[in-house]
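Only one structure is covered here, and it is reproduced in the block below.
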Amino acid sequence: MMARELNVLVDVSGSMAEDCKNAVVRYLIHTILSQTKCVKKNIYLLGNTIEKVDDSENLKINYGGQISVSAVNQLFASGMNDAPVLLLSDGCFDVEIENALSKHQNKIVCVAVGSDALLHNLQRCSKNKKVYQAEDIISAVASF
């Protein structure tokens, strides 16, 4: 049964600016938003801070810096309506971020972005240690 609400976290750290990952992220967001089975989709940009996206049509993503533990903690402390979380990331983050995310792995499904994605990092943060490739985004959304 598909979740009625879905939270989408977009990794906006500097490593996501490499290798045309922005085009992949935009494709993934468009595909997620076009899925009608989830009634509400919340998009968050996760970097040094957390930013909720209100206008996904005119979304401008500025990549840079690193994901911070405080941003991850703030995001999950907010509860996000306890809806499942889809993380779009290349997994290029340090062990502190991995630990902060893995505390919530029962509600996170990771989607690997880029050919250089660190799958082991994403597996440790993802529900059932399952990581989806970008081309399998429909299956990732349906996994909830």
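Heavy-atom basis, side chains included; hydrogens, waters and symmetry copies ignored.
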Margin query: Contact between Val12 and Tyr44 at the side-chain level, heavy atoms closer than 4.5 Å - yes or no?
Written below: no
Checklist line | Point-to-point distance, once rounded to the nearest 0.5 Å, from CG of Leu46 to CD1 of Ile67 | finding: 4.5 Å
Check: Counting only heavy atoms not in Glu98, do more than 12 fall under 6.0 Å of its CD?
Finding: yes
Margin query: Quick check against the 3.5 Å criterion: does Asp136 have a side-chain atom that pairs as donor or acceptor with the backbone of Tyr132?
Written below: no
Margin query: If I compare all heavy atoms of Lys21 with all of Gly114, which pair ends up nearest, and what's the gap?
Written below: CE-CA, 4.1 Å
Check: Is there a donor-acceptor pair closer than 3.5 Å between any side-chain N or O of Ser102 and the backbone N or O of Cys125?
Finding: no
Next item on the list: Would you mind reporting whether Thr31 and Ile138 have side-chain heavy atoms less than 4.5 Å apart?
Entry: yes
Checklist line | Connected via hydrophobic side-chain network under 4.5 Å: Val69 and Val85 | finding: yes
Notebook entry, point to check: Got a donor-acceptor contact below 3.5 angstrom from the Asn121 side chain to the Gly91 backbone?
Noted result: yes
Check: Taking all atoms of both residues into account, what is the closest heavy-atom pair of Ala140 and Ser143, and its distance?
Finding: O-OG, 2.6 Å
Notebook entry, point to check: Got Lys127 and Gln105 here, is their nearest side-chain heavy-atom distance under 4.5 Å?
Noted result: no
Notebook entry, point to check: Quick one: does Glu18's side chain get under 4.5 Å of Asp116's, heavy atoms only?
Noted result: yes
Check: When you measure from the side chain of Arg124 to the backbone N and O of Asn99, does any donor-acceptor pair fall under 3.5 Å?
Finding: no
Next item on the list: Would you give the length of the straight line joining atom CG of Asn73 to atom NE2 of His104, rounded to the nearest 0.5 angstrom?
Entry: 6.5 Å
Checklist line | Min side-chain heavy-atom separation Ile32-Leu6 under 4.5 Å | finding: yes
Next item on the list: Ignoring hydrogens and angles, tell me if any N or O in the side chain of Asp94 forms a donor-acceptor pair with the backbone of Glu96 under 3.5 Å.
Entry: yes
Note to self: If I compare all heavy atoms of Leu33 with all of Lys41, which pair ends up nearest, and what's the gap?
What the structure shows: O-NZ, 3.4 Å
Next item on the list: Please answer: with hydrophobic residues joined when any side-chain heavy atoms are less than 4.5 Å apart, are Ile97 and Leu118 in the same cluster?
Entry: no
Margin query: What I'd like to find out is whether the side chain of Val141 reaches to under 4.5 Å of the side chain of Leu86, using heavy atoms alone.
Written below: yes
Next item on the list: Start with the C-alpha gap between Ile61 and Val25, add the side-chain angles, then the distance that decides, and say whether side-chain contact (heavy atoms from CB on, under 4.5 Å) holds.
Entry: CA-CA 10 Å; Ile61 302 174; Val25 167; 3.8 Å; yes
Margin query: In the structure I gave you, are the side-chain heavy atoms of Leu101 and Phe93 within less than 4.5 Å of one another anywhere?
Written below: yes
Note to self: For the CD atom of Gln66 and the OG atom of Ser15, what is their distance to the nearest 0.5 Å?
What the structure shows: 9.0 Å
Next item on the list: Using the side-chain contact (heavy atoms from CB on, under 4.5 Å) rule, take Ile50 and Gln74 through it: C-alpha gap first, then chi angles, then the decisive distance, then the call.
Entry: CA-CA 8 Å; Ile50 188 75; Gln74 176 187 356; 3.7 Å; yes
Check: Looking at CG of Leu45 and NZ of Lys60, how far apart are the two atoms once the value is rounded to the nearest 0.5 Å?
Finding: 13.5 Å
Note to self: Ser70 vs Val72, test: side-chain contact (heavy atoms from CB on, under 4.5 Å). Steps then yes/no.
What the structure shows: CA-CA 5 Å; Ser70 64; Val72 172; over 6 Å; no
Check: Is there side-chain contact between Leu119 and Gln133, with at least one heavy-atom pair below 4.5 Å?
Finding: yes
Check: Nearest heavy-atom pair of Met16 and Asp90: which atoms, and what distance?
Finding: SD-N, 3.4 Å
Note to self: I'd like to know if the side chain of Ser126 and the backbone of Leu122 have a donor-acceptor N/O pair within less than 3.5 Å.
What the structure shows: no
Check: Is the CG atom of Asp55 crowded by more than 12 outside heavy atoms at less than 6.0 Å?
Finding: yes
Note to self: Could you see if Val10 belongs to whatever hydrophobic cluster contains Leu59? Use Ile, Leu, Val, Met, Phe, Trp, Tyr and a side-chain cutoff under 4.5 Å.
What the structure shows: yes
Next item on the list: Considering non-hydrogen atoms only, spot the tightest contact between Ile137 and Val111 and give its length.
Entry: CD1-CG2, 3.9 Å
Next item on the list: Please assess Phe76 against Asn7 for the test side-chain contact (heavy atoms from CB on, under 4.5 Å), listing each intermediate value before the final yes or no.
Entry: CA-CA 11 Å; Phe76 284 97; Asn7 294 307; over 6 Å; no
Item checked: Name of the residue among Ile29, Ile43, Asn42 meeting side chain to side chain contact (heavy atoms under 4.5 Å, CB included) with Val53 -> Ile43
